[in-house]
J.: 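Could you have a look at this structure, given as structure tokens, before my questions?
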2 protein chains.
Amino acid sequence: MSKKTTIYDIAKALNITAATVSRALNNNPRISDDTKRMVLETAAELNYKPNRLAMALKSGKSKNVGVVLPYINRTFFSNVIHGIEEELNPMGYNVIICQTHEDEKKEADVIQNLLNAQVDGILISVSRETKNTEHFNQILKKNIPLIFYDRKINVKGASSVTLDDYQGAYEATKHLIDQGCKKIAHFTVDRSLEIYENRIQGYKQALKDGGIKFNMNHVVTIESDIEAGKEATKKLMELANPPDAIFSASDPCALGAIQHLKSINVRIPEDFCVVGFSNDPFTQFMELTISSVDQSPLLMGRTAAKVFLEQINEDDIKIEKQVVLTPSLKIRKSSMKLDSDL
Amino acid sequence: MSKKTTIYDIAKALNITAATVSRALNNNPRISDDTKRMVLETAAELNYKPNRLAMALKSGKSKNVGVVLPYINRTFFSNVIHGIEEELNPMGYNVIICQTHEDEKKEADVIQNLLNAQVDGILISVSRETKNTEHFNQILKKNIPLIFYDRKINVKGASSVTLDDYQGAYEATKHLIDQGCKKIAHFTVDRSLEIYENRIQGYKQALKDGGIKFNMNHVVTIESDIEAGKEATKKLMELANPPDAIFSASDPCALGAIQHLKSINVRIPEDFCVVGFSNDPFTQFMELTISSVDQSPLLMGRTAAKVFLEQINEDDIKIEKQVVLTPSLKIRKSSMKLDSDL
DNA sequence: TTGTATGCGTTATCAA
DNA sequence: TTGATAACGCATACAA
């Protein structure tokens with residue numbers, strides 16, 4: 001196993017000094033073309049590779065960014081990462097992924113860890129439980145760009161890239177009203193997160209604008225999984241006044257709803273319409289395709305990365321930037337009651 | 001923004017030397033309890049955080065590992081990553097994810113990049129196109145553990161954690177035979193990858209053992225997506241001698257097959273059985289759930305990480321380790337022709 | 001038990 | 001245009 005070659009090895013081979021080698025390698029103008037060429041040649045011969053750690057320690061820039069999220073193996077988040085990498089890799093950045101498992105303590109830990117690793121920036125989707133903002137202030141205090149994506153929390157000095165959840169929910173609900181639905185229920189997940197609160201507000205406003213009275217019994221807070229959706233739907237349908245549609249803030253819950261409705265022979269979309277949120281791939285795979293609000297995770301990732309790049313380039317002057325992406329409702333079979341939609 | 005505090009700041013505050021501080025911080029026995037306590041106290045007061053870059057440069061261990069894969073936003077791979085992190089994070093390692101987009105050149109690039117970043121190990125699932133092994137030898141030459149997971153390539157000195165694809169394919173095919181299927185077609189993706197070659201071999205052997213003659217026209221090489229599955233199935237069904245079952249080496253292709261079969265009113269599983277491979281979540285979401293071979297990506301990730309940890313701990317003596325995980329066939333509606341399976 | 005000195009691989013400042 | 005030297009933050013061999 002060959003010992004790694006350093007600029008000193010190159011210097012020795014050419015009887016020059018390491019400083020000169022460094023200059024040759026970095027396109028420093030203060031060097032003759034001749035020596036530059038020689039350095040480059042012997043660098044290739046000796047199979048020289050720069051040590052990023054040393055460069056990082058010296059420069060204070062690690063060329064690493066931290067990406068924090070609840071779980072990596074969720075369609076939405078893995079697509080966001082994909083988007084981030086698309087922007088950042090070409091610029092020479094590596095991405096360090098950290099999961100919080102929706103735990104505030106873990107979140108604070110991974111951030112501390114990233115800070116210790118001297119990352120140049122942190123892109124984060126906060127965990128559900130996060131109330132305290134101390135660990136975010138730690139980041140900003142070090143003058144490191146902090147960008148929230150999707151799930152944000154208000155911290156002065158941080159930027160954010162989010163979806164207009166209010167608008168998405170509004171459109172989804174309005175769509176259901178346009179289909180003739182009169183009693184639209186809503187599945188929400190965790191109202192302490194802005195995204196879910198915004199969705200419920202959009203839902204309410206659409207009801208109002210559509211002349212439909214808000215019914216508290218038709219709003220249910222559940223976990224984001226199929227089983228929870230099934231159970232909640234079961235309860236809803238046993239109500240004296242059951243709904244005739246569901247706008248679910250989560251795709252799995254929408255699927256659960258559909259599964260239960262089918263099991264009790266409710267016809268979809270004829271007698272009952274369902275719209276989900278996230279546009280998870282599986283919504284298109286079903287025989288009964290599921291309408292859903294697309295969050296454009298790829299674009300969100302790319303945008304968050306771009307905001308980071310902007311911030312890293314303006315020295316010192318830290319500009320907060322709040323980008324809001326526009327959702328797009330994907331209308332599919334689960335809510336296409338009227339022929340006009342076909 | 002406070003300037004970062006170093007061990008020198010602590011030393012100055014206590015009128016001792018940085019070396020002593022370092023010892024106190026590292027549980028070095030050669031230090032008095034008193035000074036140790038004092039150091040720890042002032043470290044906390046000054047909000048001292050170790051600089052991982054400096055530690056890494058000094059020790060030669062970055063505590064970062066590279067994870068290379070084709071695409072991060074694939075269910076299988078994002079679950080593998082999840083498994084890897086579960087093992088490695090508690091041990092103080094960060095994971096740097098790199099995507100190859102199935103491109104050999106890109107693969108070589110990201111590996112070079114990881115090497116420059118001084119990662120302590122590399123876990124990789126090779127790209128489809130990879131023929132050359134030069135970039136892998138680069139890793140081994142530096143005495144850095146190299147562990148293949150899922151998709152491997154034969155490189156002396158490297159370890160691997162793979163699935164017994166042969167066995168998985170064998171069981172899937174045998175299951176179809178047991179269901180009474182006589183003409184079982186096979187969708188394969190890219191036979192230059194070991195995994196797909198092994199699957200086709202398992203398929204062939206099962207046919208042989210089941211007394212069914214292998215029919216070359218019933219083996220189709222296609223892309224791993226729904227459309228390709230649809231088209232291929234269309235062609236198969238137009239054959240003079242169409243199959244009565246498909247064992248697909250890819251789940252999306254299996255779904256495509258089912259979609260096309262339904263469109264031409266073939267009854268599943270009564271008249272036609274389908275089994276996929278990967279056990280992607282969506283296979284369970286459908287009304288007609290799809291049988292599939294589970295690859296236990298989480299376990300694969302954890303195992304690969306464990307192999308890395310073993311290798312990093314034995315100094316110098318590099319032991320190649322080849323772990324093969326056992327697949328498990330998930331039998332669902334798409335292939336449950338016989339009541340006995342219910 | 002503590003201090004001194006040195007090196008990890010770079011780059012930047014200052015002289016020459 | 002090039003060289004000598006210091007510094008980034010930490011850890012260790014050696015000396016005291």
Side-chain angles (χ1 to χ4, degrees), chain A residues 2-40 42-43 46-64 92 113 115-120 142-143, chain B residues 2-40 42-43 46-64 92 113 115-120 142-143:
Chain A
S2 53
K3 226 40 255 133
K4 14 198 145 194
T5 82
T6 74
I7 53 173
Y8 279 92
D9 299 318
I10 302 177
K12 199 173 297 172
L14 290 171
N15 256 329
I16 56 178
T17 162
T20 310
V21 175
S22 174
R23 281 188 280 258
L25 259 21
N26 291 292
N27 287 338
N28 190 311
R30 314 179 61 179
I31 196 170
S32 77
D33 287 350
D34 262 10
T35 42
K36 185 169 179 175
R37 190 175 343 103
M38 307 223 45
V39 168
L40 260 29
T42 42
L46 299 182
N47 193 28
Y48 167 78
K49 307 293 177 203
N51 183 328
R52 287 185 51 168
L53 246 36
M55 297 175 62
L57 179 60
K58 180 66 184 156
S59 70
K61 264 79 192 68
S62 67
K63 282 286 187 171
N64 283 152
N113 183 25
L115 253 23
N116 296 352
Q118 315 296 123
V119 292
D120 296 340
K142 299 205 172 200
N143 219 23
Chain B
S2 51
K3 225 44 254 127
K4 13 196 144 195
T5 82
T6 74
I7 53 172
Y8 281 93
D9 299 320
I10 301 177
K12 199 173 297 171
L14 291 170
N15 257 330
I16 56 177
T17 163
T20 309
V21 175
S22 174
R23 281 188 278 260
L25 259 22
N26 291 293
N27 288 337
N28 189 312
R30 314 178 60 177
I31 195 169
S32 78
D33 287 349
D34 261 10
T35 42
K36 185 168 179 175
R37 192 176 341 103
M38 307 224 45
V39 168
L40 261 28
T42 41
L46 299 181
N47 193 29
Y48 167 78
K49 306 293 176 204
N51 183 330
R52 287 186 51 165
L53 286 178
M55 296 175 62
L57 180 60
K58 177 68 183 152
S59 69
K61 265 78 193 69
S62 68
K63 282 286 188 172
N64 284 152
N113 183 25
L115 253 23
N116 295 352
Q118 315 297 122
V119 291
D120 295 340
K142 299 205 174 199
N143 218 22

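Chain A is the first sequence line, chain B the second, and so forth, proteins listed ahead of strands; every chain is numbered from 1. These values consider heavy atoms only, across backbone and side chains, with no hydrogens, waters or symmetry-generated copies.
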J.: Find which nucleotide of DNA chain C each of A/Asn28 and B/Asp33 is nearest to by heavy atoms, and output the residue with the more 5' nucleotide.
T.: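 The residue mapped nearer the 5' terminus is B/Asp33.
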J.: Given atom CG of B/Asn27 and atom P of D/dA11, what is their separation to the nearest angstrom?
T.: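 In whole Å, D/dA11 P and B/Asn27 CG are 12 Å from each other.
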J.: Does a side-chain heavy-atom distance below 4.5 Å link A/Pro50 with A/Leu25?
T.: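 Heavy-atom side-chain distance check fails, nothing below 4.5 Å.
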J.: So, OP1 or OP2 of C/dT2: does either fall under 4.0 Å of a side-chain N or O from B/Thr17?
T.: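 It does not, given that no N or O in the side chain of B/Thr17 lies less than 4.0 Å from OP1 or OP2 of C/dT2.
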J.: Looking only at the side chains, is there a donor atom on one of B/Lys36 and B/Asn28 sitting less than 3.5 Å from an acceptor on the other?
T.: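 Their side chains do not contain a donor-acceptor pair, so the 3.5 Å distance test is not met.
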J.: Could you state the atom-to-atom distance from CG of A/Asn116 to P of D/dG9 in whole Å?
T.: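 Taking CG of A/Asn116 and P of D/dG9, I get 14 Å after rounding.
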J.: Is the side chain of A/Thr42 donor-acceptor paired with the backbone N or O of A/Ile10 at a distance under 3.5 Å, no angle test?
T.: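 Side chain of A/Thr42 to backbone of A/Ile10, a donor-acceptor pair under 3.5 Å: no, none is there.
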J.: Excluding sequence neighbours, so at least two apart, what forms salt bridge (Lys or Arg N to Asp or Glu O under 4.0 Å) with B/Asp34?
T.: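 Only B/Arg37 meet the salt bridge (Lys or Arg N to Asp or Glu O under 4.0 Å) criterion with B/Asp34.
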J.: Can you tell me the distance, in whole Å, between the NZ atom of A/Lys61 and the P atom of C/dT11?
T.: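 Taking NZ of A/Lys61 and P of C/dT11, I get 15 Å after rounding.
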J.: Does anything in residues 48-62 of chain A pair up under salt bridge (charged side-chain N to carboxylate O under 4.0 Å, His left out), and if so which pairs, sequence neighbours excluded?
T.: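 Output for this query is empty, none listed.
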J.: Below 3.5 Å between N/O atoms, which protein atoms pair up with nucleotides 13-16 of chain D? Just atom names and distances, please.
T.:
from: D/dA15; atom 1: N6; to: B/Arg30; atom 2: NH2; distance (Å): 3.1

J.: Enumerate donor-acceptor pairs with a distance under 3.5 Å from any side-chain N or O in residues 15-24 of chain B to protein atoms, sequence neighbours excluded.
T.:
from: B/Thr17; atom 1: OG1; to: B/Ala19; atom 2: N; distance (Å): 3.4
from: B/Ser22; atom 1: OG; to: B/Asn26; atom 2: ND2; distance (Å): 3.4

J.: Tell me whether the OP1 or OP2 atom of D/dT1 has a side-chain N or O from A/Thr20 closer than 4.0 Å.
T.: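 Indeed not, no polar side-chain atom of A/Thr20 lies that close.
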J.: Specify the closest pair of heavy atoms between B/Leu115 and B/Lys142, including all atoms of both residues, with the distance to one decimal.
T.: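 That would be CG-CD, 4.2 Å.
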J.: Which atoms of nucleotides 6-10 of chain C (N or O only) lie under 3.5 Å from a protein N or O atom, and what are those distances?
T.:
from: C/dG7; atom 1: N2; to: B/Lys58; atom 2: NZ; distance (Å): 3.0
from: C/dG7; atom 1: N3; to: B/Lys58; atom 2: NZ; distance (Å): 3.4
from: C/dT10; atom 1: OP1; to: A/Tyr48; atom 2: OH; distance (Å): 2.6
from: C/dT10; atom 1: OP1; to: A/Asn51; atom 2: N; distance (Å): 3.2
from: C/dT10; atom 1: OP2; to: A/Ile7; atom 2: N; distance (Å): 3.0
from: C/dT10; atom 1: O5'; to: A/Tyr48; atom 2: OH; distance (Å): 3.3

J.: What's A/Leu53 touching, base or sugar-phosphate or nothing? Going by heavy atoms closer than 4.0 Å.
T.: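 Nothing, no heavy atom under 4.0 Å.
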J.: Nearest 0.5 Å, what's the CG-CG distance between B/Leu46 and B/Leu14?
T.: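 Rounded to the nearest 0.5 Å, the CG-CG separation comes to 8.0 Å.
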J.: Is A/Ile16 touching bases, backbone alone, or none of the nucleic acid, heavy atoms closer than 4.0 Å?
T.: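 Sugar-phosphate contact only.
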J.: Between A/Lys12 (NZ) and D/dG3 (C1'), how many Å, whole number?
T.: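 Distance, rounded to whole Å: 16 Å.
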J.: Send over the distance from B/Leu25 CG to D/dA11 P, rounded to a whole Å.
T.: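 It is 7 Å, rounded to the nearest whole Å.
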J.: Answer yes or no: is there a side-chain heavy-atom contact under 4.5 Å between B/Asp9 and B/Tyr48?
T.: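 Heavy-atom side-chain distance check fails, nothing below 4.5 Å.
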J.: Could you pull out the closest heavy-atom pair between A/Leu53 and B/Ala117, with the gap in Å?
T.: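 Closest pair (atom of A/Leu53, atom of B/Ala117, distance): CD1-O, 3.8 Å.
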J.: Would you mind reading off the bend of the helix from C/dT1-D/dA16 to C/dA16-D/dT1 from its two end axes, five pairs each, to 10 degrees?
T.: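 The helix from C/dT1-D/dA16 to C/dA16-D/dT1 shows an end-to-end axis angle of 50°.
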J.: To the nearest Å, how far apart are A/Asn15 CG and D/dA4 C1'?
T.: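 Nearest whole value for this atom pair: 16 Å.
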J.: What is the separation between atom NZ on B/Lys63 and atom C1' on D/dA11, rounded to the nearest whole Å?
T.: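 Answer to the nearest Å: 16 Å.
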J.: Do B/Lys4 and B/Asn51 come within less than 4.5 Å of each other through their side chains, counting heavy atoms only?
T.: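 The answer is no; the side chains never approach within 4.5 Å.
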J.: Is there a donor-acceptor contact under 3.5 Å from the side chain of B/Asp120 to the main chain of B/Lys63?
T.: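 The answer is yes, because a donor-acceptor pair under 3.5 Å joins these two groups.
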